[in-house]
Amino acid sequence: MSLEQKFEALKEGTEYKFFINGKWKKTRSGKTIPIKNPYNDEFVASIQACTREEVDESVVSARESITCWVETPLNQRVDILRKSAELIRESAEPLGAILMKEIGKPIKSAISEVVRTADIFDGTADFASIMGGETIMGDAFEGFTREIISMSYRVPLGVVLCIGPFNYPFNLTGSKIAPALVAGNTVIMKPPTQGALTPLHFGIILEEAGVPPGVFNIITGRGSEMGDYLVGHPGIDMISFTGSSTTGRNLAKVAGMKPLLLELGGKDAAIVLDDADIETTVKEIISGAFSFSGQRCTAVKRVLPMSGIADKLIKRVVEETQKLTIGDPAENNTIGPLIDSKQCDYVQGLIDDALEKGALLKCGNKREGRVIWPTILDNVTTEMRIAWEEPFGPVLPFIRIQNAEEAIKISNESEYGLQGMIFTENIDLAFNIAQELDVGTIQINGKSSRGPDHFPFLGAKSSGLGTQGLKYSIEAMSRPKAIVLNLSKRGKLIRECGVYR
Ligand code: NAP
Ligand code: G3P
């Protein structure tokens, strides 16, 4: 039976089931949640609204599978990841098509999200197979000798809860599942409701790759209804979450004392100095601000141009923005629907607020259904909401600045600290400014981005907790265990043997 034929097992008609202990199930509540294409409102499929009892069952299944999985040799866990990567890669087109329908992502980006996930599985396998511990001799520290030795290695944390966001539902659940499993943890995955269909396929993929029943489990349902219960469950040992800062803050309160890896919101600022290469800057800003209609945590969400370049820069950005294709994601248009009407209303509110307070509309501010035209606002001030709030939509404010100090001040006053950007030909100055920015990563002459995926990816302040990235995620989902050897007779034994080193 082909993998695509096996994919049929996870659903009955258009009703997708959830996955516990190696079995696809329908919820006993009988309640399901319809998933519709955000572009045309067409019904795509439905998912189970799982109950608290089913959450409990998923935790029991994961906990009871810890021993069998932790005793599976690392090289077998690594091989399973590589096999999963193969299966993901061969399913990129059908999975990409589902992804496009359920979240409105342009089809080429949807397929590349799936392929990127396969690369993450392979890269995680590479790092896991060489990760170990360390041996430390006591005499490195005052008052101790070589007769005391610490040897450490890494051990799993237990049951890892992986929660992903709607905008990369397959990739940002896969980038959690892979390190969790290879580190020896068992997993419960809670996919985003709008975006659940593609990650549900991990149940088939991982089973086909050799993951035993119970090691990987999937629970579906609205986070607002069952999220707190799931996050606060005493049977969960670690949580890896990607989503909004609001949800992340709530999660941290509910979860209590357990390791957390949180990748949250952003308001990444692009500082553009007078000597910046204008065409490079324009290309990076357009791609950074409007890919997937701005629905990326690392989207360029504000531009701070120095007065000497601002007019030229804004003119060119407007020209290129007006060339962006708009419409059906199935036709690979750059600008498509936002995830839901509520998000559209929110983005429109930010635009209206800025215009009421004196911002200058350069293009956009048009809406048809859930599609908002890419919108450029000039003369934005710090009095406007768009200067500080995360739109998660295709609107880009320009806040003109007089000097680098002002740019640093405005950048750092944000509650967010995901990434920042500096566009200039003066690399020394770029480094000096970068060292002043309170963010996880600074891109010099490039747009904010999570990739490449072996880089550390992290947010400061409201943008996150902990570091994601191939080896960093494995470290976050495991811990060192140290064994200390006290050689009290070392010297005597050697003397008896007549040899003393
Ligand atoms: P979200 O509304 O916070 O939802 C994220 C995930 O959390 C979803 O699976 C959601 O389930 C679940 N959830 C909701 N309430 C919960 C609760 N009380 N307990 C546990 N889980 C709960 O975020 P989103 O709208 O999917 O994604 C957009 C946001 O995520 C933006 O702010 C963006 O910046 C951020 N993001 C950050 C990164 C990063 O790497 N830093 C990457 C992508 C997105 P439901 O879908 O059922 O509500
Ligand atoms: O919002 C998703 C976040 O992880 C950004 O990923 O690769 O588009 O920068 P990327």
Side-chain angles (χ1 to χ4, degrees), residues 33 35 47 49-50 55 102-103 105 109 112-113 116-117 119-120 161-176 188-196 199 218-233 236 239-255 260-268 287-289 291-292 294-301 338-340 342-343 346 389-393 415-419 439-441 443 446-453 455 457-460 462-469 473:
I33 303 167
I35 308 297
I47 61 169
C50 291
V55 168
E102 64 176 333
I103 65 168
K105 184 168 273 190
S109 302
S112 67
E113 174 178 337
R116 179 179 181 183
T117 310
D119 296 342
I120 285 176
L161 171 60
C162 301
I163 301 178
F166 83 83
N167 67 332
Y168 275 87
F170 190 76
N171 183 271
L172 283 171
T173 44
S175 64
K176 299 169 173 54
I188 297 170
M189 176 186 86
K190 204 306 273 183
T193 294
Q194 192 81 27
I218 307 174
I219 203 87
T220 55
R222 293 196 191 288
S224 55
E225 292 165 12
M226 42 93 87
D228 284 2
Y229 183 72
L230 181 57
V231 159
H233 201 291
I236 300 288
I239 302 171
S240 179
F241 169 85
T242 299
S244 67
S245 297
T246 304
T247 308
R249 274 193 288 270
N250 173 71
L251 181 151
K253 280 194 199 112
V254 172
L260 300 176
L261 179 58
L262 306 178
E263 301 290 343
L264 306 177
K267 187 71 177 178
D268 295 1
S287 166
S291 298
F292 192 25
Q295 297 176 108
R296 291 169 53 242
C297 63
T298 50
V300 177
K301 294 184 183 139
L338 299 191
I339 195 62
D340 55 36
K342 184 175 162 226
Q343 190 62 25
Y346 176 72
E389 295 181 35
E390 178 184 45
F392 232 60
E415 69 162 295
Y416 297 105
L418 192 57
Q419 300 202 1
V439 293
T441 303
Q443 304 277 355
K447 67 177 184 289
S448 303
S449 173
R450 167 168 50 116
D453 289 308
F455 281 10
F457 180 66
L458 67 155
S462 291
S463 291
L465 197 58
T467 304
Q468 191 177 279
S473 297

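Both backbone and side-chain heavy atoms feed into the values below; hydrogens, waters and symmetry mates do not. All ligand and atom numbering here is 1-based and tracks the order in the structure.
- Inter-residue side-chain proximity for Pro169 and Pro192 is flagged as met; some heavy-atom pair is nearer than 4.5 Å.
- Every atom of ligand 1 with a heavy atom of Gly227 under 4.0 Å away is listed here by number and element: 17 (C), 19 (N), 20 (C).
- In terms of polar-atom proximity, Arg222 is not counted as a contact of ligand 1, lacking any N or O under 3.5 Å from an N or O of the ligand.
- Atom-to-atom distance recorded for Gln194:CD and Ile35:CD1 is 5.0 Å, nearest 0.5 angstrom.
- The distance from ligand 1 to the heavy atoms of Pro192 drops below 4.0 Å at these ligand atoms: 8 (C), 9 (O), 46 (O).
- Under the 4.5 Å side-chain criterion, counting only non-hydrogen atoms from C-beta, Thr242 is in contact with Lys176.
- Side chains of Lys447 and Ser291: a donor-acceptor N/O pair is absent below 3.5 angstrom, by distance only.
- Of the options Thr247, Ile33, Val231, the smallest heavy-atom separation from atom 2 (O) of ligand 1 is shown by Thr247.
- When heavy-atom distances to ligand 1 are checked against a 4.0 Å cut-off, Val254 has no atom that comes that close, whether in backbone or side chain.
- Below 4.0 Å from some heavy atom of Glu263 lie the following atoms of ligand 1, by number and element: 37 (C), 38 (C), 39 (C), 40 (O), 41 (N).
- Within ligand 1, the atoms closer than 4.0 Å to a non-hydrogen atom of Gly221 are 47 (O), numbered from 1 in the order shown.
- Counting heavy atoms closer than 4.0 Å to ligand 1, residue Asn250 contributes side-chain atoms (C-beta onward) but none from N, CA, C or O.
- Just one residue in the list Glu390, Glu389, Gln419 forms a side chain to side chain donor-acceptor pair (under 3.5 Å) with Lys301, and that residue is Glu390.
- Looking only at protein heavy atoms, the nearest one to atom 8 (C) of ligand 1 is Gly164 O, 3.3 Å.
- Shown here are the ring-ring contact (aromatic ring centres under 6.0 Å, His included) partners of Phe166, two or more places apart in sequence or in another chain: Phe392.
- At a heavy-atom cutoff of 4.0 Å, ligand 1 is contacted by no atom of Tyr168, backbone or side chain.
- In this structure the side chain of Phe457 reaches within 4.5 angstrom of the side chain of Leu418, judged on heavy atoms.
- Under the 3.5 Å distance criterion, with hydrogens and angles disregarded, a donor-acceptor pair is assigned to the side chains of Ser462 and Arg249.
- Nearest-heavy-atom check against atom 39 (C) of ligand 1 across Pro165, Gly459, Cys297 picks out Cys297.
- In Asn167, the part holding a heavy atom less than 4.0 Å from any atom of ligand 1 is the side chain.
- At a heavy-atom cutoff of 4.0 Å, ligand 1 is contacted by the side chain of Ile163 but not by its backbone.
- To the nearest 0.5 Å, atom CD1 of residue Ile120 and atom OG of residue Ser473 are 8.5 Å apart.
- For atom 48 (O) of ligand 1, the protein comes within 4.0 Å by at least one heavy atom.
- A heavy-atom distance below 4.5 Å is not found between the side chains of Val300 and Asp268.
- Distances below 4.0 Å separate heavy atoms of Glu390 from the following atoms of ligand 1: 31 (C), 32 (O), 33 (C), 34 (O).
- Distances from atom 33 (C) of ligand 1 to the heavy atoms of Phe457, Phe392, Phe241, Phe166 put Phe392 nearest.
- No side-chain heavy atom of Arg116 sits less than 4.5 Å from a side-chain heavy atom of Pro452.
- Sorted by chain and number, the heavy-atom contacts of ligand 2 below 4.0 Å come from Arg116, Asn167, Tyr168, Leu172, Arg296, Cys297, Thr298, Ser449, Arg450.
- Protein heavy atom in closest approach to atom 17 (C) of ligand 1: Gly223 O, 3.5 Å.
- Looking at atom 18 (N) of ligand 1, its nearest protein heavy atom turns out to be Asp228 OD1, 3.0 Å.
- Note that OG of Ser463 is 9.5 Å distant from CD of Glu263, once rounded to the nearest 0.5 Å.
- In this structure, the side chains of Ile103 and Ile339 come closer than 4.5 Å at one or more pairs of heavy atoms.
- Protein heavy atom at the shortest distance from atom 45 (P) of ligand 1 is Lys190 NZ, 3.5 Å.
- The closest heavy-atom contact to atom 35 (C) of ligand 1, among the options Ala49, Gly243, Pro191, comes from Gly243.
- Atom OG of Ser175 is separated from atom CD of Gln468 by 4.5 Å, given to the nearest 0.5 angstrom.
- The distance from the OG1 atom of Thr220 to the NZ atom of Lys190 is 8.0 Å, given to the nearest 0.5 Å.
- Shortest contact from atom 41 (N) of ligand 1 to any protein heavy atom: Leu264 O, 2.7 Å.
- Counting heavy atoms from C-beta outward, Ile163 and Leu251 have side chains that approach closer than 4.5 Å.
- Taking only nitrogen or oxygen atoms, main chain and side chain alike, Leu172 does not reach within less than 3.5 Å of ligand 1.
- Counting heavy atoms under 4.0 Å from ligand 1, residue Gln468 does not touch it at all.
- With hydrogens and angles ignored, the 3.5 Å screen pairs a side-chain donor or acceptor of Lys105 with a backbone N or O of Asn167.
- Partner of Ile239 under the side-chain contact (heavy atoms from CB on, under 4.5 Å) criterion, out of Val254, Leu261, Leu161: Leu161 alone.
- Remark: ligand 1 and Ser244 share an N or O pair separated by less than 3.5 Å (distance only, no angle test).
- Of the possible donor and acceptor atoms, none in the side chain of Thr173 sits under 3.5 Å from a partner among the backbone N and O of Gly164.
- Scanning the protein heavy atoms around atom 42 (C) of ligand 1, the nearest turns out to be Thr242 CG2, 3.1 Å.
- Those atoms of ligand 1 with a heavy atom of Thr193 less than 4.0 angstrom away are 45 (P), 46 (O), 47 (O).
- No N or O atom of Lys301 sits closer than 3.5 Å to an N or O atom of ligand 1.
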